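Contents: one structure, followed by commentary.
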Number of protein chains: 4
Amino acid sequence: MYIVLDPKSSRPIYEQIIHKVKEQVALGVALPGDKVPSVREMSSQLMVNPNTVSRAYRELEGMGIFVTMRGKGTFISDSFRAANQEEAKRRVQEKVKETVLDAIYGNVAKQTYKQWLDRYYKELGGGESHED
Amino acid sequence: MYIVLDPKSSRPIYEQIIHKVKEQVALGVALPGDKVPSVREMSSQLMVNPNTVSRAYRELEGMGIFVTMRGKGTFISDSFRAANQEEAKRRVQEKVKETVLDAIYGNVAKQTYKQWLDRYYKELGGGESHED
Amino acid sequence: MYIVLDPKSSRPIYEQIIHKVKEQVALGVALPGDKVPSVREMSSQLMVNPNTVSRAYRELEGMGIFVTMRGKGTFISDSFRAANQEEAKRRVQEKVKETVLDAIYGNVAKQTYKQWLDRYYKELGGGESHED
Amino acid sequence: MYIVLDPKSSRPIYEQIIHKVKEQVALGVALPGDKVPSVREMSSQLMVNPNTVSRAYRELEGMGIFVTMRGKGTFISDSFRAANQEEAKRRVQEKVKETVLDAIYGNVAKQTYKQWLDRYYKELGGGESHED
DNA sequence: GTGGTCTAGACCACA
DNA sequence: GTGGTCTAGACCACC
């Protein structure tokens, strides 16, 4: 798995890692069961402290995206945990509201927004999303 | 202008203020030309450090949403700055992508997302947004 | 809030802190809304690295037991998050099974176990537990 | 003796083995005097490093559950060691306290807990436990 | 003052 | 080899 960070971003490195990993998994670049680079590998690849990578991995495990097997390594989970979904949905909704606000100030028409939406859902979603 | 903050949010207070102000303006609650409470007023209203309000106002002025007239006070601008619009658009697009990613992990269907979109555009935007 | 660690325990320090805090809250020694010692205070009190305390606090926040307000401090949450309860219950059940196994090997009679149970529920529960 | 491990568990494999063996013995599936698979057999059966099995066996012997006879093999002991029983009891009590704490946070009522208790004592212990 | 992030480097448990 | 834990010390954002 190859990841590129944006050193200029004010966003914490561990969050960038989390985000990029989620992206790779959503895109299907990284598949369930795949081995993930070890903390050390990733940290030297990204020129970042192992602790930083470790934290990102720990949180990804907490999200049910990673599974780690002590002494063996870390892997992409083969089943996302469904827990906390309500909470997650609420947060998404908040974020959508926020984004719309920004879109209005950025003079982005609803139509344009919807085009982006279609594009990204297609790119990232792979049709797997099926609501309860 | 009345604003309510969420003291528990991890989001910085000054950002919350910015967000709420933008919301009020988008909703049409605060109209162009309207006088905005002074930093002191606002800070005592919100029980918040004046520095915090001051910073929010400064950034809002930078965005072209506030205009300050020395000795008179701060007002809602009657024309948003068009500058940096490309940049703003790009950021919005990034944010949309991010939100879609979260939506996928939160099991939010595209259709649901679009419903929210329609709702919020209606609530917040009116029909004023017309792209260049 | 006073906490005592067991330096001999093999259990990670951050877990010990989490456990002790949960205990204090359950006992009603620490009440919702109470300010918690700052990371620095706690770390010097316990003679432990601030990062270690920080991690414990972060996880406690994740569990919905702590609420932190940037620049102000950390506080006992006034409402525990109900999310993930099913998952939590399942883990408790596993743990009960395990404990019973240990009890059998430790020659602890069921009756004795139940006495302990009554005692600890009384000590720790405060009668607040009411199942859905 | 057939054992199934959970490779995803964060629990060390050697502990899982210990736990499963104790369970089998408590359930009466493995009886005193029974021969236990050799370290090699077990390790190939579980697809696990022999060192890992070896460690589990060593600890089980330390607990007085296994007895090894040089050149003959390893067997289920016909008498559990009574030594350190006070110590064992104390640890069980600690664990019960801990479990109650988790139960409270997981919103598990005392009644529910007792039901589980009855079930597991019945499943695992039979009526063999008779306190000193 | 507060908590959040990151680095550098160490030691340990596990496989 | 892997990940987990901890320390020491630094800088930053927020209030």
Side-chain angles (χ1 to χ4, degrees), chain A residues 5 7 9-17 35-44 46-61 66-75, chain B residues 5 7 9-17 43 46-56, chain C residues 5 7 9-17 35-44 46-61 66-75, chain D residues 5 7 9-17 43 46-56:
Chain A
L5 299 179
S9 168
S10 69
R11 198 175 197 186
I13 293 175
Y14 79 90
E15 275 191 15
Q16 289 188 49
I17 296 173
K35 194 172 185 318
V36 157
S38 77
V39 171
R40 285 165 174 80
E41 270 179 284
M42 184 65 91
S43 75
S44 73
L46 301 178
M47 301 273 288
V48 146
N49 189 290
N51 282 324
T52 305
V53 177
S54 184
R55 173 162 180 191
Y57 277 29
R58 202 189 319 138
E59 302 214 359
L60 280 160
E61 188 174 7
F66 275 4
V67 172
T68 116
M69 284 148 84
R70 295 249 281 230
K72 289 212 173 164
T74 303
F75 304 81
Chain B
L5 301 179
S9 168
S10 71
R11 196 175 199 183
I13 292 176
Y14 78 90
E15 274 191 18
Q16 288 189 50
I17 295 174
S43 74
L46 301 177
M47 302 270 288
V48 148
N49 192 303
N51 287 323
T52 307
V53 177
S54 182
R55 172 159 180 191
Chain C
L5 299 179
S9 169
S10 69
R11 198 175 197 185
I13 294 175
Y14 79 91
E15 275 192 15
Q16 288 188 49
I17 295 174
K35 194 171 186 316
V36 158
S38 77
V39 172
R40 284 165 174 81
E41 269 179 285
M42 184 65 93
S43 76
S44 73
L46 301 177
M47 301 273 288
V48 147
N49 189 290
N51 282 324
T52 305
V53 176
S54 183
R55 174 162 178 191
Y57 277 30
R58 204 189 318 137
E59 302 213 358
L60 280 161
E61 188 173 6
F66 276 5
V67 172
T68 116
M69 285 147 86
R70 295 250 278 232
K72 288 212 171 163
T74 303
F75 304 81
Chain D
L5 301 178
S9 168
S10 70
R11 196 176 199 183
I13 292 175
Y14 79 91
E15 275 191 17
Q16 288 188 51
I17 295 174
S43 75
L46 301 177
M47 303 269 288
V48 147
N49 192 303
N51 288 324
T52 307
V53 177
S54 182
R55 171 157 183 192

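To find a chain, count down the sequence lines: A is the first, B the second, and so on, and within it residues start at 1. Because the structure is predicted, anything quoted here is derived from the model rather than measured.
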Any chance you could measure [X], atom [atom1], to [Y], atom [atom2], to the nearest 0.5 Å?
| X | Y | atom1 | atom2 | result |
| --- | --- | --- | --- | --- |
| C:Glu41 | C:Leu46 | CD | CG | 11.0 Å |
| A:Arg70 | D:Ile13 | CZ | CD1 | 10.5 Å |
| A:Leu5 | A:Arg11 | CG | CZ | 11.0 Å |

DNA chain E: A:Glu15 or D:Ile13, which has the more 5' nearest nucleotide?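 The residue closer to the strand's 5' end, by nearest nucleotide, is A:Glu15.
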
Residue met sooner reading DNA chain E from 5', once C:Thr68 and A:Arg70 are mapped to nucleotides: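 With C:Thr68 and A:Arg70 compared, the 5'-side residue is C:Thr68.
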
Does OP1 or OP2 of [N] have a side-chain N or O of [X] closer than 4.0 Å?
| X | N | result |
| --- | --- | --- |
| A:Thr52 | E:dC6 | no |
| A:Thr74 | F:dG3 | yes |
| C:Ser54 | E:dG3 | no |

In whole angstrom, what separates [X]'s [atom1] from [N]'s [atom2]?
| X | N | atom1 | atom2 | answer |
| --- | --- | --- | --- | --- |
| A:Asn49 | E:dG9 | CG | C1' | 9 Å |
| A:Met42 | F:dG3 | CE | P | 10 Å |
| A:Met69 | E:dA13 | CE | P | 21 Å |
| C:Arg58 | E:dG3 | CZ | C1' | 11 Å |
| B:Tyr14 | E:dT2 | OH | C1' | 16 Å |
| A:Arg55 | E:dT7 | CZ | P | 12 Å |
| C:Lys72 | E:dT2 | NZ | P | 14 Å |
| C:Phe75 | F:dC15 | CZ | P | 13 Å |

Could you tell me whether C:Val48 contacts a base, only the sugar-phosphate backbone, or nothing, with contacts defined as non-hydrogen atoms closer than 4.0 Å? sugar-phosphate

Quiz question: going by heavy-atom distance under 3.5 Å, is there a donor-acceptor pair between the base of E:dG1 and the side chain of C:Arg40? no

Please determine whether any donor N or O and acceptor N or O are separated by less than 3.5 Å between the side chain of C:Asn51 and the base of E:dG4.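 In this structure, the two groups form no donor-acceptor pair.
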
Shortest non-hydrogen contact from B:Thr52 to B:Val48? CB-CG1, 3.6 Å

Residue met sooner reading DNA chain F from 5', once C:Arg11 and A:Gly73 are mapped to nucleotides: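 Residue closer to the 5' terminus by nearest nucleotide: A:Gly73.
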
Give the nucleotide from the list F:dT2, F:dC15, E:dA15 with an atom nearest to the side chain of D:Pro12.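 Among F:dT2, F:dC15, E:dA15, the one nearest the side chain of D:Pro12 is E:dA15.
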
Closest to side chain of C:Glu61, choosing from F:dT2, E:dG4, F:dG4: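 For the C:Glu61 side chain, the nearest candidate turns out to be E:dG4.
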
Pair assignment for F:dC14, Watson-Crick or G-U wobble, requiring both distances under 3.5 Å: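 By the stated definition (distances under 3.5 Å), E:dG1 pairs with F:dC14.
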
Stepwise side chain to side chain contact (heavy atoms under 4.5 Å, CB included) test for C:Tyr57 and C:Thr68: CA-CA 9 Å; C:Tyr57 277 30; C:Thr68 116; over 6 Å; no

